[in-house]
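What you are looking at is a predicted structure, and each value in this text was computed from that prediction instead of being measured.
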Amino acid sequence: MKYITLAIACLAIAPMQAQTIDEVLRQVEQNNKELQAQRQSTLASKLEVQAENNLEDPSVEYSPFYTRGITGMSSSELVVTQGFDFPTLYGARRQSGKWKQAALDRRQQAARRDILLSAKNLCLDLIMLNQQHALLEERAKNAGELLALFEKRLEEGDAGILEVNKIKMERMSVQTEVAQNNAAHRTALQQLLAMNGNMPLEFTADTYPHVEELKDCNAFYDEVMATDAGLLAADADVRAAEKELKVNRQSWLPKIEVGYRRNTSLDEKSNGFLIGGSLPLFSNRKKGKIARLQVESTRLALDNARLQAAADVHARFNEMQQLREAMQAYDVVLMHRTLALLNEAVKAGQLSIIEFYTEADNIYRNLQAYIELENRYQKLMAEIYKNRL
């Protein structure tokens, strides 16, 4: 029993295993409070749509009558009625309700996609910050080694105080950038935790996942037009509005009312059926026009969404090509190799500290630029493939 308890305790304090982006997104989808609220709101709205096609409530009326000179009730009347819309209206409303619910589902899917895309962008930013942190650690390590070496040389009279001070200034600069990097990392991680409902997660990746290369703009266009959640939601809105127009075209049909009637008096009792109806002469005014305008509005919104999507496709494809070409211009391996050679040269006395940092600073700036450029590319590709989330 002791061994079992100890095993459980060790399991409880074991560190959480680092997660991939896909694992983080699955957690966010499950724990995100905004998504949970969206799901409940969508469910409530769908129930409201279903309730629109319910039968009217039955009506019960009872009227006792009293006559002078007669003790107690002289007669009474009981009326039970049930109202109905014209039968074809229920079928039309049912079809309209299906598309209204489909539009709600599409809106929910679009909201889910946007939230997961935001979470993915935070993960990509954390990867960039981890890469920057690794580069800063390399700079700090090199500065520490050079400072120890040149302080020793200063004591021996082989180096000047300006060289030592230059290295100390480099260390101060690196420490400042490390502090800024840590603050940015903490902020991004807190935002990701908030999106995960403040449930714990561990994300320490410093490399980006493989991204499928996009070569054909036409294939990209076809995929967006067929799968974009916003376009699908706009299309569902149009279909729902068209079905609602069909409902309103039948709203001139009379309402039907049937019921049972029972009259009692001192001498006799009578029963009968009640059949009636009502004509929507006033309640139906301008409903058809409103429905037609709503259809036109949703169609224009769909057209605009398609135009915007087409423009975004070409803009993102062009930007993706430019970023890819810019990334190919950087030789990261060469830059790291050059830094190592510069470090060896300055330690061997073949290069002064001023010359070393003049060259090294330029390389570090290029490495930093490449890290930021790769992050832009990865976030752009996440935007391009967002409908696959």
Parallel, tilted or perpendicular: rings of H314 and Y221 (30°, 60°): tilted

Heavy-atom side-chain proximity of D105 to K46 below 4.5 angstrom: yes

Residues T264 and S76: side-chain donor-acceptor under 3.5 angstrom: yes

Gap between atom CG of N375 and atom CD1 of I127 - 0.5 Å precision: 8.5 Å

Side-chain donor-acceptor contact under 3.5 Å, N130 with H185: yes

Steps toward side-chain contact (heavy atoms from CB on, under 4.5 Å) verdict (K243, K98): CA-CA 9 Å; K243 294 296 183 181; K98 287 181 179 179; over 6 Å; no

Residues E242, R239; criterion salt bridge (charged side-chain N to carboxylate O under 4.0 Å, His left out); working and verdict: CA-CA 5 Å; E242 290 173 345; R239 295 180 183 273; 5.6 Å; no

Where A236 and A103 come nearest, the two heavy atoms and their spacing: CB-CA, 3.6 Å

Exercise: identify the closest heavy-atom pair between A188 and L122: O-CD2, 4.1 Å

Test side-chain contact (heavy atoms from CB on, under 4.5 Å) applied to N182 and H133, step by step: CA-CA 8 Å; N182 289 338; H133 185 78; 3.8 Å; yes

Stepwise side chain to side chain donor-acceptor pair (under 3.5 Å) check, S41 with Q38: CA-CA 5 Å; S41 177; Q38 285 278 354; 5.6 Å; no

Presence of salt bridge, D22 and R26, under 4.0 angstrom: no

Close side-chain approach of V346 and Q350, heavy atoms under 4.5 Å: no

Any side-chain heavy-atom pair of H336 and L367 under 4.5 Å: yes

R388/E212 ion pair, N-O < 4.0 Å: yes

Donor-acceptor pair, side chain of E355 and main chain of S352, under 3.5 angstrom: yes

pair Y330-M335: side-chain heavy atoms closer than 4.5 Å: yes

Note: D228-R113 ion pair, threshold 4.0 Å (strictly below): yes

Full working for side-chain contact (heavy atoms from CB on, under 4.5 Å) between V295 and R292: CA-CA 5 Å; V295 170; R292 287 193 297 272; 5.7 Å; no

Between Y260 and N271: side-chain donor-acceptor atoms closer than 3.5 Å: yes

Minimum side-chain heavy-atom gap F203-I21 below 4.5 Å: yes

Salt bridge (charged side-chain N to carboxylate O under 4.0 Å, His left out) evaluation trace for E244 with R93: CA-CA 7 Å; E244 187 66 19; R93 282 205 200 101; over 6 Å; no

Q30 side chain to Q36 side chain, donor-acceptor N/O pair below 3.5 angstrom: no

Pair E48-S45, side-chain donor/acceptor within less than 3.5 Å: no

Chi angles and distances behind the side-chain contact (heavy atoms from CB on, under 4.5 Å) call for T81, V79: CA-CA 6 Å; T81 58; V79 180; 3.6 Å; yes

Flag side-chain contact, heavy atom, 4.5 Å: L146 against Y357: yes

Heavy-atom neighbours of M169 CE exceed 12 at 6.0 Å: no

Short side-chain to backbone donor-acceptor contact, D206 and A134, under 3.5 Å: no

Pairwise side-chain contact, E177 with Q132, heavy-atom cut-off 4.5 Å (strictly under): no

Side chain N31, main chain Q27, donor-acceptor under 3.5 Å: yes

Sidechain N-carboxylate O distance under 4.0 Å for E29, R112: yes

Pairwise side-chain contact, F220 with V224, heavy-atom cut-off 4.5 Å (strictly under): yes

S96 side chain vs A92 backbone, donor-acceptor pair below 3.5 Å: no

salt_bridge(R261, E77) N-O dist < 4.0 Å: yes

Salt-bridge criterion met for R106 and D237 (N-O under 4.0 Å): no

Salt-bridge criterion met for R153 and E163 (N-O under 4.0 Å): no

Atom of Y90, atom of N54 and distance for their closest heavy-atom approach: CE2-O, 4.4 Å

Heavy-atom neighbours of Y62 OH exceed 12 at 6.0 Å: yes

Which atom of L302 lies closest to which atom of L231, heavy atoms considered: CD1-O, 3.9 Å

Atom pair CG (L25) and CD1 (I115), whose distance is rounded to the nearest 0.5 Å: 12.0 Å

Backbone N/O of N142 and side chain of N343: donor-acceptor pair under 3.5 Å: no

Short N-O contact, E170 and R139, less than 4.0 angstrom: yes

Considering all heavy atoms, the nearest A291-N248 contact: CB-ND2, 3.7 Å

Note: E319-R316 ion pair, threshold 4.0 Å (strictly below): no

N196 (side chain) donor-acceptor with N198 (main chain) under 3.5 angstrom: no

Within 45° cone of Y377 ring axis and under 6.0 Å: R324 NZ or CZ: no

Non-hydrogen atoms of L373 and L323 that approach each other most closely: CD1-CD2, 3.4 Å

Distance-only side-chain donor-acceptor flag, Q368 / E372, under 3.5 Å: yes

